[in-house]
Amino acid sequence: MATARNTAFPLRRGSDASEEDFFDIPDESWMSLVKRQLRYIRTWVIFALALTYFLWPKRIPPPPQPNPHIHYDEVNWSRFAYSTYATSEAYLCNCVMVFDSLKKLGSKADRLLFYPDEWDLVIEDDGDRISQLLMTAKQKYDVQLVPVKVEGIKKNSAQSASADWDTSSAKLYAFGVVQYDRIIHLDSDMTVLQSMDELFFLPRTPVAMPRAYWLLPEQKILNSQIVVIEPSYDEFMALKESTRNAVHGQMDLRLNETRYDMEILNNRYGDSAMVIPHRSYGLVTGEFRKKDHKYYLGSETEQWIPDKIMREAKFVHFSDWPLPKPWVMWPQEQLAEMQPKCDNNPGTFEESGCRDRELWKEIYDHFRRRRKDVCKLLSYPAPV
Ligand SMILES: *[C@@H]1O[C@H](CO)[C@@H](O)[C@H](O)[C@H]1NC(C)=O
Ligand SMILES: CC(=O)N[C@H]1CO[C@H](CO)[C@@H](O)[C@@H]1O
């Protein structure tokens, strides 16, 4: 009887089955008895698993596999490169840190470093940090070193707290390396959190950049902390020409960094560039000090969840004016005043909702510890 309702199969056979066959059926073999029991057990196990799944405390799902759509083995990676530029020892170390992250993240694209042609690779002594770091980049991270003529623009003296010259136009050299199909140019004062390889496969466009979202809604300006470039000789020449004609640092970014390269890139591509989302490709540390995140989120209603923001970010850029960059010592009292405030009862013993502050401190702390590790003093054998 049991079999009659079990499956379609015995029913079909039923047409030519005799009555004897029918009454034979209850003599189940021990095998089918076991099978039937197992079926019950299976149902219960599935039910129990499902229940556990639904009642388990919800954790935020892990980020998806990076770029599952890219067939890494089929791509000719020598057509793509990440590039950075350094014009001082501090920034050279930052560049090495960016290359260290890219290597650890498993990026297979080439790595380029533009640096002033007056630097050299001959390590004269243990104190010759620049040559040491250049050699580290070359030997440890397979970076191709590209010496260039770095032209500086005299900065407005009021803003020249860190450097007297704006050498940011050095990044324009990335337009000139025409042996590559695409370059992802990164500023080095950032912590790279995830691979950005997917940007090599954007639709064709001379440049793709995110917006300087903190200037919204008054100004729609492209932010050059990351620039996805299709190298082109014509563009390179045109940009070089505009370097000569550029106004002297008119673009005030409200970060008190006058950025000459941004001015040039915005003049040329402001109305035509592909805009990549600043969420993921444009997070700045200063965002954790704000309480109004609608321009970063691109939404008035979405809730700011700092951990989620960090998970979706490909990098975080250090920009917390007036606090100096993380490799400069912070004045303690300024830090106490400037660090992100908690959401509830800030500044009291009952304060809570301090995740912004915790993450912000972690970002800085992580950077400083890595910096010590990646750029530590190395003793190279004396040059032959
Ligand atoms: C990969 O790209 C480089 C540069 O365009 C080219 O020289 C090389 O032949 C390519 N390799 C293959 C296997 O297609
Ligand atoms: C965004 C910001 O704080 N900008 C400051 C830049 O520096 C000038 C003075 O040098 C300040 O007045 C601005 O507020």
Side-chain angles (χ1 to χ4, degrees), residues 64-86 92 95-117 119 121 133-150 169-188 190 192 194-210 222 224-241 243 261 264-265 268-269 272-276 280-281 314-315:
Q65 279 292 313
N67 313 317
H69 58 287
I70 299 176
H71 299 279
Y72 275 78
D73 299 335
E74 290 163 29
V75 173
N76 181 351
W77 287 102
S78 52
R79 290 163 49 210
F80 303 107
Y82 285 89
S83 70
T84 63
Y85 76 94
L92 177 56
C95 291
V96 176
M97 290 172 75
V98 167
F99 293 130
D100 176 70
S101 303
L102 290 171
K103 186 170 182 176
K104 284 188 179 136
L105 290 166
S107 169
K108 291 184 178 159
D110 281 4
R111 303 178 191 119
L112 305 182
L113 171 66
F114 302 105
Y115 69 97
D117 59 2
W119 292 357
L121 296 177
L133 287 167
L134 285 174
M135 287 305 281
T136 305
K138 187 180 154 89
Q139 294 177 339
K140 189 165 176 194
Y141 301 107
D142 307 312
V143 175
Q144 300 182 38
L145 302 177
V146 188
V148 295
K149 264 236 150 354
V150 174
S169 62
K171 75 169 53 164
L172 303 179
Y173 280 101
F175 285 85
V177 281
V178 293
Q179 65 268 40
Y180 291 101
D181 288 2
R182 269 241 159 92
I183 300 271
I184 298 177
H185 187 91
L186 298 171
D187 275 356
S188 58
M190 60 165 65
V192 174
Q194 294 180 53
S195 150
M196 286 162 267
D197 289 346
E198 67 281 359
L199 297 178
F200 290 122
F201 308 102
L202 290 178
R204 291 206 58 180
T205 174
V207 298
M209 297 160 80
L222 299 169
S224 62
Q225 65 196 0
I226 177 171
V227 192
V228 184
I229 295 168
E230 260 180 29
S232 137
Y233 185 73
D234 290 345
E235 291 302 308
F236 179 55
M237 292 318 276
L239 288 165
K240 264 195 106 125
E241 191 56 34
T243 315
D261 60 317
I264 294 170
L265 292 173
R268 188 160 179 87
Y269 304 111
S272 63
M274 177 188 293
V275 176
I276 52 176
S280 302
Y281 303 104
K314 304 284 180 166
F315 59 79

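All residue numbers in this chain count up from 1 along the given sequence. Nothing here was measured: the structure is a model prediction, and the numbers come from that model. Counting convention: from 1, in listed order, for ligands and their atoms alike.
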Would you check whether Asn76 has a nitrogen or oxygen atom less than 3.5 angstrom from a nitrogen or oxygen atom of ligand 1?
yes
Within 6.0 angstrom of Lys138 NZ, more than 12 heavy atoms from elsewhere
no
Specify the closest pair of heavy atoms between Ser101 and Val192, including all atoms of both residues, with the distance to one decimal.
CB-CB, 3.8 Å
Side-chain contact test, heavy atoms from C-beta onward, threshold under 4.5 Å: evaluate it for Leu92 versus Leu113 and give yes or no.
yes
Heavy atom of protein inside 4.0 Å of atom 9 (O) of ligand 1, strictly below
no
Parallel, tilted or perpendicular: which fits the ring planes of Trp77 and Phe201, with parallel below 30° and perpendicular above 60°?
perpendicular
Look at the rings of Phe200 and Tyr82 and say which category their plane angle falls in: under 30° parallel, 30 to 60° tilted, over 60° perpendicular.
perpendicular
Do protein heavy atoms approach atom 2 (O) of ligand 1 to less than 4.0 Å?
yes
Which ligand 1 atoms are under 4.0 Å away from a heavy-atom of Arg79?
2 (O), 4 (C), 5 (O)
Contacting atoms of ligand 1, where contact means under 4.0 angstrom from a heavy atom of Ser78:
1 (C), 2 (O), 3 (C)
